[in-house]
Amino acid sequence: MPSSGGLWPRLGRRPSISRPRLVVATLNPAKARELASLLGEIPFEVVALSTIPGAALPPEGDDSYRANALAKARAAARLSGAVALADDSGLEVDALGGRPGVRSARYGGAGLSDADRCAALLAELGGLPPERRAARFRCVVALAAPDGREEVVEGVAEGRILETPRGTGGFGYDPVFFSPPLGRTFAELDPALKNEVSHRGQALARAREVLRRWAA
Ligand code: IMP
């Protein structure tokens, strides 16, 4: 039988008794499942941090995605005694000098909805022509092992900010983030396609390679 914290039933994978555990360092169950699904086939049994007694994570700061992801991965590795994975991500707008960046989840103030944050961003960019609306999503993933091994990988998706939102899928800034090669916003993409091209999908694919190396 799987351990109670295993995420494999959702993923249709069977755990193996000999597989080491990988703790996904988030207390948000939906995000844990998403990260586990993006990792795909790895030689670890993926478990959620919330199943570890005393589970807690350091708050995200404003310094860098890397510092936030590493702090969470280290904390989860220490708590669980297992390899841990954490991510941090954000939207970087060139015309805003890379803002909101590491503060993307907090941009515009506390208590705003995703739609409010998109509206605040469109208001701040008001009047800028398309060629000055370049932006990218960046995702940084940190891996930490109890023996001190650490690795950080990242993925980037380039695009530009539209003048009005389009699409109903995804979350966050997806409705205003237009991908020129795909000709659609991220909110207009089929979720499987978004996973393939997104900053998070790319970063998790790189993390998968690190984990396969660590397990070898
Ligand atoms: P976190 O990595 O969960 O802390 O997310 C940071 C914030 O960046 C999110 O709350 C969103 O506002 C934004 N963000 C990160 N990735 C995406 C994405 O794929 N689509 C839309 N917004 C994103």
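Order of appearance sets the numbers: ligands from 1, and atoms from 1 within every ligand.
Under a 4.0 angstrom heavy-atom cut-off, Asp174 registers as being in contact with ligand 1. A heavy-atom separation below 4.0 Å is found between Gly90 and ligand 1.
Here the shortest heavy-atom distance to atom 10 (O) of ligand 1, taken over Ser104, Ala105, Ala69, belongs to Ala105. The option with the heavy atom closest to atom 2 (O) of ligand 1, from among Ser89, Ala86, Ala187, is Ser89.
Using a 4.0 Å cut-off between charged nitrogen and carboxylate oxygen, Glu60 and Lys72 count as a salt-bridge pair. A salt bridge links Arg212 with Glu209: the distance from a Lys NZ or Arg NE/NH1/NH2 to an Asp or Glu carboxylate oxygen falls below 4.0 Å.
Contacts with ligand 1 closer than 4.0 Å are made by no heavy atom of Arg117, backbone or side chain. Contact annotation: for Phe186 versus ligand 1, there are no heavy atoms closer than 4.0 Å.
Protein heavy atom nearest atom 17 (C) of ligand 1, with residue, atom name and distance: Phe171 CZ, 3.4 Å. Looking from atom 16 (N) of ligand 1 to the surrounding protein, the closest heavy atom is Arg200 NH2, 2.7 Å. From the protein, the heavy atom lying nearest to atom 12 (O) of ligand 1 is Tyr173 CE1, 3.1 Å.
To the nearest 0.5 Å, atoms CZ (Phe171) and CG (Asp114) are separated by 7.5 Å.
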Q: Go through the steps for Glu151 and Trp214 under the test side chain to side chain contact (heavy atoms under 4.5 Å, CB included), then give the verdict.
A: CA-CA 10 Å; Glu151 236 172 282; Trp214 280 12; 3.7 Å; yes

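Transitive grouping of hydrophobic side chains (ILVMFWY, heavy atoms separated by less than 4.5 Å) brings Leu91 and Tyr107 into a common cluster. In this structure, Leu112 is not a member of the same hydrophobic cluster as Leu121, with clusters built from ILVMFWY side-chain heavy atoms closer than 4.5 Å.
Near Lys31, the atoms of ligand 1 lying under 4.0 angstrom from a non-hydrogen atom of the residue are 1 (P), 2 (O), 3 (O). For ligand 1, the atoms lying closer than 4.0 Å to a non-hydrogen atom of Gly172 are 21 (C), 22 (N).
Aromatic ring centres of Phe137 and Phe186 lie closer together than 6.0 Å.
Smallest separation of non-hydrogen atoms from Gly167 and Glu188: CA-CG, 3.6 Å.
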